[in-house]
A.B. asks: 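Just passing along the structure, written as structure tokens.
Side chains are part of it too, since the values below use all heavy atoms of this structure and drop only hydrogens, waters and symmetry mates.
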Number of protein chains: 2
Amino acid sequence: MEKVTMADVAKVAGVSKSTVSQYLNKRYEYMGEKTKLKIEEAIEELGYQPNFIARSLKQKRTSMVGIIVANITHFFSTEISRAIEDFCHTHDLHAIFCNADDDPEKEKNYIEMLRAKQVDGLIIFPTGQNNDLYKKMMSQGYPVVFVDRKVENLDVFSVITDNAYATSMAVQHVIEKGHRNIAFVVQPLKVSPRIDRLAGYKKALTDAGIEINSDYIIEASIPDMKNKLEQLFSLEVKPTALFAANDRVFMAVGEFLKEKGIKLGKELELIVFDNIPFSHLLDSPISFIEQPAAEMGKKAAELLFQQINKEDTPPEVFVFPSRIV
Amino acid sequence: MEKVTMADVAKVAGVSKSTVSQYLNKRYEYMGEKTKLKIEEAIEELGYQPNFIARSLKQKRTSMVGIIVANITHFFSTEISRAIEDFCHTHDLHAIFCNADDDPEKEKNYIEMLRAKQVDGLIIFPTGQNNDLYKKMMSQGYPVVFVDRKVENLDVFSVITDNAYATSMAVQHVIEKGHRNIAFVVQPLKVSPRIDRLAGYKKALTDAGIEINSDYIIEASIPDMKNKLEQLFSLEVKPTALFAANDRVFMAVGEFLKEKGIKLGKELELIVFDNIPFSHLLDSPISFIEQPAAEMGKKAAELLFQQINKEDTPPEVFVFPSRIV
DNA sequence: AGGTTTAGATAAATCGGTTTACTAAATCGG
DNA sequence: CCGATTTAGTAAACCGATTTATCTAAACCT
């Protein structure tokens, strides 16, 4: 395979390892022109490629950051990831993405493996179920930023959206259009955005003096969703509007409606909380709440970068506004 | 921060570093029960986490593989990535994803940095513009698998779809429906799938005895596409069917049609080559050619795994069938 | 008893760089 | 011309593990 090491280069160039190292690190302060050239040539001749692993071991710094995404096929996540990547690229950091699949076990696994790999910091879309581990990292002063979801009782940099507010505004909007029977469909309330969105929904109804009807609130996992929707739409008073709390819910609802032949717009008004790639191509009149994924990703990366470079500021939660489209 | 090393554990447990190492690597062959326990306790007490970097340096093996994706926001890519990730996860490999943005410079950059990081192998969606570098890797016997695109004159494991065949079948299908004026829209013909799809389109027309009209073939970058489409739809004989060579093209075309108020189905038949997340929710009658992303990703990962484990088989190209939906 | 196994553990070399402390030669001011 | 300073380069320690060759003490065998 390949085994050219710094020692080989040194030998060929007729200098010491140290000098080659200086050269590679561009410490030219005290270095003769001829030496520089000789090293350059030797590197060229041997096709030498430095070994990052060795360097990292000594420097205790890998220039890598880990990103643990809850679901890599979720469009919002890839948008954020993309932004993080861009930032890292311009700051000489390398991003490693992992997919935790919303599974706390996997999340734990990845956190541990990334730390074992000595990544310089972590950006996490937390499952929220690994509190001890989170706390341990905080107390060790390890650089971490949480994205998309907040975790209670934890002093950590976070980047989220105003889930409750945006939802409440959107629902209020629908109420103003004359709707009274508004359904809210959500996956199990395990993470903060879902909880906050439900809270926003309830607030909007309450503010408008509409009673909250628990029949209209569906909390189910994706496989169970169809059944629950079946129930919802066999109520004697059917909903005239429906709020899908995220894109997966939207997909499930969309499939269901298509199957049942329920027409959007006339029979049912639909609001979706999430960025959807082809949303503007859909001709149905669906409202979307879009989160500023790019800005959020950039911010998260910035916050991590600051921590890695020991700019000591107390953890803060950054809330970005979502907008209704 | 954190600085517990194996030496610390050894000291606390009252044994030598070597023994601790054996323990961690589960070489229990010659190890007393009491020693095992002492080490276990010491690790627990100190909260010791092994340093992967150090291990990798010695073992010359990082258990990491790099995946260089052409475009991370491309749904097809994330589906493949997901499958690769799954495979790696079950085989104790860790996947690092990078986004080359279809930029040969970035691609080169990432290849070099991943190799410097000593990843055990690479799965690449190649830009096709770094032939020297590809060749170098091949000649060094470095484990590599190409995905989605093939590169000429290069003996390398590849996983692709039958682009020409699938396109040709789809176009044939449209011809059977009675269409004669079929447009083909594609981004610059820089990578093999685009070229092959165009070839498939031409073949279907020729086979059906339809003359190829170059006015109906649009090759443009996404920003230029709108203008070109404008031209296409101001021809005196407008196309009645349109083949979008991938999802980006589809988006551009979709936007254009929406703007112009051109109705799909009646005025224009649309065929798209690519997996689209919400395709089944669109009520317009669009045909999609879907590639078996999950299988392809798995296969690619398998091929890489085999190479890493030195199972010597000559490079092969695996062609997966796409299906029309 | 004396020699051979064998179980259990270890010292030391190694991986490929970085970094520190040190030396030798060249330059300089007076 | 001498001592001080600057310039150029090096030897050796180090980072935190793995691995090999070695060692010891007890068990085993005639």
A.B. asks: Classify Y48(B) by what it touches in the nucleic acid, base, sugar-phosphate, or nothing, heavy-atom distance under 4.0 Å.
C.D. replies: sugar-phosphate
A.B. asks: For S16(B) and for F52(A), find the nucleotide of DNA chain C with the closest heavy atom, then tell me which residue's nucleotide is more 5'.
C.D. replies: S16(B)
A.B. asks: Would you mind reading off the distance between L57(B) atom CG and dG16(C) atom C1', rounded to a whole angstrom?
C.D. replies: 6 Å
A.B. asks: When all nucleic acid strands are considered with a 4.0 Å heavy-atom cut-off, which category describes T35(A): base, sugar-phosphate, or nothing?
C.D. replies: sugar-phosphate
A.B. asks: Whether the side chain of S18(A) and the base of dA11(D) hold a donor-acceptor pair under 3.5 Å is what I'd like checked.
C.D. replies: yes
A.B. asks: Tell me the interatomic distance from I39(A), atom CD1, to dG9(D), atom P, rounded to whole angstroms.
C.D. replies: 8 Å
A.B. asks: Between dA17(D), dG17(C), dG9(D), which nucleotide has the shortest distance from any of its atoms to the side chain of N51(B)?
C.D. replies: dA17(D)
A.B. asks: Spell out yes or no: do the side chain of K17(A) and the base of dA11(D) have one donor N/O and one acceptor N/O closer than 3.5 Å?
C.D. replies: no
A.B. asks: Can a donor-acceptor pair be found between the side chains of T19(A) and S16(A) at a distance below 3.5 Å?
C.D. replies: yes
A.B. asks: Knowing that exactly one of V151(A), L122(A), I123(A), I160(A) qualifies, which makes a side-chain contact (heavy atoms from CB on, under 4.5 Å) with F146(A)?
C.D. replies: V151(A)
A.B. asks: Check the distance between dT18(D)'s C1' and Y23(B)'s OH and give it to me in whole angstrom.
C.D. replies: 17 Å
A.B. asks: Using whole Å, report how far NZ of K58(A) lies from P of dG16(D).
C.D. replies: 9 Å
A.B. asks: Can you tell me the pairing partner of dG30(C) across any strand shown, Watson-Crick or G-U wobble, with both distances under 3.5 angstrom?
C.D. replies: dC1(D)
A.B. asks: Name the pairing partner of dT22(D), where a pair is Watson-Crick or G-U wobble with both distances under 3.5 Å, or state none.
C.D. replies: dA9(C)
A.B. asks: Which part of the nucleic acid does V15(A) contact within heavy-atom distance under 4.0 Å: base, sugar-phosphate only, or nothing?
C.D. replies: sugar-phosphate
A.B. asks: Quickly work out the K26(A) NZ to dT18(C) C1' distance and round it to whole Å.
C.D. replies: 16 Å
A.B. asks: Nearest of dG16(D), dT10(C), dT18(C) to any side-chain atom of S21(A)?
C.D. replies: dT18(C)
A.B. asks: Going from CE on M6(A) to OG on S18(A), what distance comes out if it is rounded to the nearest 0.5 angstrom?
C.D. replies: 7.0 Å
A.B. asks: Would you kindly give the CG-to-P distance between N25(B) and dA17(D), to the nearest whole Å?
C.D. replies: 11 Å
A.B. asks: Taking the minimum atom-to-atom distance to the side chain of K60(A), which one of dA8(D), dG17(C), dC15(D) wins?
C.D. replies: dC15(D)
A.B. asks: To the nearest Å, how far apart are K11(A) NZ and dG16(C) P?
C.D. replies: 12 Å
A.B. asks: In terms of side-chain heavy atoms of Q22(B), which of dT10(C), dG16(C), dG16(D) is nearest?
C.D. replies: dT10(C)
A.B. asks: For a quick check of understanding: with a heavy-atom distance under 4.0 Å over all strands, which category does M31(A) fall into, base, sugar-phosphate or nothing?
C.D. replies: sugar-phosphate
A.B. asks: Given dG16(D), dT18(D), dT10(C), identify the nucleotide with an atom nearest to the side chain of T19(B).
C.D. replies: dT10(C)
A.B. asks: Measure from the side chain of Q59(A), starting at C-beta and using heavy atoms only, and say which of dA17(D), dT19(C), dG16(D) lies closest.
C.D. replies: dT19(C)
A.B. asks: Closer than 4.0 angstrom, basic N to acidic O: yes or no for E295(B) and K298(B)?
C.D. replies: no
A.B. asks: For the pair made of CG in L24(B) and C1' in dG16(D), what is the distance, rounded to whole Å?
C.D. replies: 12 Å
A.B. asks: Report the nucleotide, chosen from dT18(C), dG16(D), dT10(C), that has the shortest atom-to-atom distance to any side-chain atom of R55(A).
C.D. replies: dT18(C)
A.B. asks: Determine whether the side chains of Q129(A) and Y134(A) contain a donor N or O and an acceptor N or O closer than 3.5 Å.
C.D. replies: no
A.B. asks: Distance alone, cut at 3.5 Å: any donor-acceptor contact between the side chains of N130(B) and E107(B)?
C.D. replies: yes
